[in-house]
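Report on one structure; see the data block that follows.
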Amino acid sequence: PTSIADEHLINWMNPAAFPSFTKLYAKISDIDPGKYELEISYRYKVHEFHGEKFVRLAETSWMGGRSLFLGSAYCIVGILCIVAAVFLRRHLQENQRQNDTRE
């Protein structure tokens with residue numbers, strides 16, 4: 001078996017979970033303001049199965065997309081899990097001490 005070095009092809013070949021999907025092609029960082037021209041070649045025909053191609057440009061933050069809801073929700077759930085783990089550990093240690101004193 002030969003190894004494939006094209007990261008864009010590797011990403012595209014990963015199966016999508018839903019019939020309607022978006023795949024990341026590339027990330028652009030530190031781009032100067034101005035007008036840019038984008039050339040897209042038509043290598044894969046999608047009209048046969050009523051598909052479509054489009055380009056989506058999006059800004060992201062350290063917590064994901066433009067919306068802060070999902071990133072904030074992840075942080076809150078993570079903090080709640082840590083707090084629950086601390087309380088569970090204390091509870092188990094307390095029960096262990098009570099069992100040790102009974103014997």
Side-chain angles (χ1 to χ4, degrees):
T2 61
S3 63
I4 298 173
D6 187 0
E7 293 179 16
H8 303 298
L9 177 63
I10 292 170
N11 183 45
W12 178 253
M13 293 305 291
N14 284 333
F18 301 105
S20 176
F21 60 91
T22 306
K23 296 226 177 178
L24 176 68
Y25 181 77
K27 290 183 180 181
I28 303 171
S29 58
D30 300 326
I31 189 168
D32 296 326
K35 290 186 178 182
Y36 293 89
E37 191 172 309
L38 180 66
E39 182 179 327
I40 301 172
S41 57
Y42 192 66
R43 295 184 188 167
Y44 186 73
K45 296 178 181 175
V46 295
H47 67 274
E48 296 170 0
F49 55 88
H50 306 293
E52 59 184 345
K53 296 180 186 180
F54 57 91
V55 174
R56 177 181 294 166
L57 301 175
E59 291 184 43
T60 59
S61 68
W62 67 273
M63 288 200 298
R66 237 180 337 152
S67 173
L68 296 178
F69 172 75
L70 192 57
S72 301
Y74 284 150
C75 289
I76 290 169
V77 169
I79 290 169
L80 290 174
C81 286
I82 290 170
V83 169
V86 168
F87 281 121
L88 180 63
R89 182 172 175 95
R90 285 186 181 175
H91 178 72
L92 291 175
Q93 284 177 343
E94 200 172 293
N95 283 348
Q96 183 68 30
R97 280 189 223 131
Q98 287 177 359
N99 288 340
D100 290 343
T101 58
R102 289 182 190 168
E103 295 175 358

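Numbers here simply count residues along the sequence, with the first being 1.
When the shell of 6.0 Å around OH of Tyr36 is examined, it contains more than 12 heavy atoms from other residues, nucleotides or ligands.
The distance from atom NE2 of His8 to atom CD1 of Ile10, rounded to the nearest 0.5 Å, is 10.5 Å. Here the CD-NZ distance, from Glu37 to Lys35, works out to 11.5 Å after rounding to the nearest 0.5 Å.
Apart from Leu80 itself, the hydrophobic cluster it occupies contains Ile76, where clustering links Ile, Leu, Val, Met, Phe, Trp and Tyr at side-chain heavy-atom distances under 4.5 Å.
Exactly one residue among His91, Arg97, Gln93 makes a side chain to side chain donor-acceptor pair (under 3.5 Å) with Asn95. That residue is His91.
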